[in-house]
There are 2 protein chains.
Amino acid sequence: MENLEHKHLAVLDEATRRGEQDTGNMRLCFEVLALAAAIDRSCAARLAPYRLSEGKFVLLSLLRDLPDGLAPYELAERAGVTRATVTGLLDGLERDGFLLRHGDKDDRRKISVRLTSMGKAMAEDLFVEHSQWIGSLFAGFEPREREVFSGFLLRAWRNVEMPLDAGQATGAGTSP
Amino acid sequence: MENLEHKHLAVLDEATRRGEQDTGNMRLCFEVLALAAAIDRSCAARLAPYRLSEGKFVLLSLLRDLPDGLAPYELAERAGVTRATVTGLLDGLERDGFLLRHGDKDDRRKISVRLTSMGKAMAEDLFVEHSQWIGSLFAGFEPREREVFSGFLLRAWRNVEMPLDAGQATGAGTSP
DNA sequence: GACTCATAATTAGGTGCCATACTATATGTC
DNA sequence: GACATATAGTATGGCACCTAATTATGAGTC
């Protein structure tokens, strides 16, 4: 019960109270969400002292080892966010001295984002540290267990991304 | 590779490129995060037509079957968010006609939040539909598989919430 | 060169979360 | 009654995401 979020407990309690079937499935779903939320909170706590969010960290990672930098639209594509979001993140990273925007010599619409020395050092140190931390979250799993776990995640992911037709456990087969 | 987010792919590629051990653990972590993100997006898509977010839906769920309503601080506790957050969510829900704020007859600091008829109908319909949808995400899992899956999630959750001391795969044992 | 269409980056406004501070009120003590 | 402390709800500002619109520029056609 410890690895559930308050809000999910409330929903789960209510489903249980009304004699809902399949609270086991709901609970499993909430456990996945609770784990992801816990990872996000821990990640934020680890990055906060460096004045970084996960989104900013991703941009720093993308810019490492690229002396010519990247354009904001390329950063947006690789990070999977909109160009508007990248503009905001770059504002903060530039303000804090991690990178600079440079005009493109051929195309005045374009800019090239490059890390500063401080940005490079930060990106390097944090990449190593962050990677190790991420890896540590799943320490203690045997290769076979990881394989089974990953298979479960993929199956669930497919249920989310590609819900089946009427043969599924939903009522009216509603879609987004 | 399909059930990973762009940003995680970038980090994973980089870790692979530099001959990192344990990319299997990182990948597993990113798969959990990708599944949670997919669930969140699908949830948002399902609630959007009703002008609801997940946070608002949780408040509606909490207020169901409570003719006397709840105070905002109680909603905050049960939903696991701050009172400031609840104020904002209630603003939107009141604006859209789902609920009303009522002054407390004894304590002028307090208000009691109660659903309107429309809010009650919405909460009832959505609760059933949403519960079924959540349950459907883990359809097809045998009880034994769910048990194993849940065990994996709990183990990983413990790694996040209660990291071990030096015997862990992290470098300098940094803490938040 | 004028015009149309496309692209790059930014701006504006919205949302949901947060922390902090503020205002109003309640409670307890003297 | 004055005062100190605590509580309830809100206001303010920040952040990271979004969509849509705007501005500036580039490319292609005539």
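Labels below follow one simple rule: chain letters A, B, ... track the order of the sequence lines, proteins then strands, and each chain is numbered from 1.
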Can you identify which nucleotide, out of D/dC15, D/dA11, D/dC17, has its nearest atom closest to the A/R95 side chain? D/dC15
Check the distance between D/dC17's C1' and B/E54's CD and give it to me in whole angstrom. 16 Å
Name the closest nucleotide to the A/P72 side chain, picking from C/dA9, D/dG26, D/dT10. C/dA9
More 5' along DNA chain C: A/A71 or A/K7, using each one's nearest nucleotide? A/A71
A/I111 has a side chain; which of C/dT10, C/dT15, D/dC15 sits nearest to it? C/dT10
Taking the side chain from A/D107 and the backbone from A/R109, do they hold a donor-acceptor pair closer than 3.5 Å? yes
If you compare every side-chain N and O of B/S53 against the phosphate oxygens of C/dG16 (OP1, OP2), does one of them come in below 4.0 Å? yes
Nearest of D/dG9, D/dA20, C/dC17 to any side-chain atom of B/L89? C/dC17
Rounded to whole Å, please give me the gap between NE2 in B/H6 and C1' in D/dC17. 17 Å
May I have the distance from A/F57 (atom CZ) to D/dC15 (atom C1'), rounded to whole angstrom? 19 Å
Nearest of C/dC18, D/dC17, C/dA26 to any side-chain atom of B/R108? C/dA26
Under 4.0 Å between any heavy atoms, over every strand shown, what does A/R101 touch: base, sugar-phosphate, or nothing? Just pick one. sugar-phosphate
Return the value, rounded to whole Å, for the distance between atom OH of B/Y73 and atom P of D/dA6. 17 Å
Rounded to whole Å, CG of B/L90 lies from P of C/dG16 at a distance of 12 Å
Quick one: is D/dC17 close enough that its OP1 or OP2 comes under 4.0 Å of any side-chain N or O from A/T85? no
With sugar-phosphate meaning primed atoms plus P, OP1 and OP2, does B/G55 contact a base, only sugar-phosphate, or nothing at under 4.0 Å between heavy atoms? sugar-phosphate
Whole-Å distance separating the NZ atom of B/K105 from the C1' atom of C/dA26: 16 Å
Could you check whether B/K56 pairs with B/D91 (Lys NZ or Arg NE/NH1/NH2 to Asp/Glu carboxylate O, under 4.0 Å)? no
Using the closest heavy atom to pick a nucleotide of DNA chain C for each, name whichever of A/D91 or A/D107 lands nearer the 5' end. A/D107
Can you see whether B/F141 has A/R155 sitting over its ring - NZ or CZ less than 6.0 Å from the centre and within 45° of the normal? yes
Would you say a side-chain N or O of A/K110 is under 4.0 Å from OP1 or OP2 of C/dA9? no
May I ask you to evaluate whether B/R109 reaches the phosphate of D/dT10, defined as a side-chain N or O under 4.0 Å from OP1 or OP2? no
Would you kindly give the CG-to-C1' distance between B/L52 and C/dT15, to the nearest whole Å? 13 Å
Specify the residue among A/T82 and B/T87 whose closest nucleotide of DNA chain D lies further upstream toward the 5′ end. B/T87
Round to a whole Å and report the spacing from CG of B/D106 to P of D/dA8. 14 Å
Which pair of heavy atoms, one from A/L137 and one from B/C29, lies closest together, and at what distance? CD1-SG, 4.0 Å
What are the two closest heavy atoms between A/L63 and A/L70, and how far apart are they? CD2-N, 3.7 Å
Which residue pairs pass the side chain to side chain donor-acceptor pair (under 3.5 Å) test with at least one member in residues 57-81 of chain B, sequence neighbours excluded? A/E14-B/R64, B/R64-B/E124
Does B/R83 put a side-chain nitrogen or oxygen below 4.0 Å from OP1 or OP2 of C/dC18? no
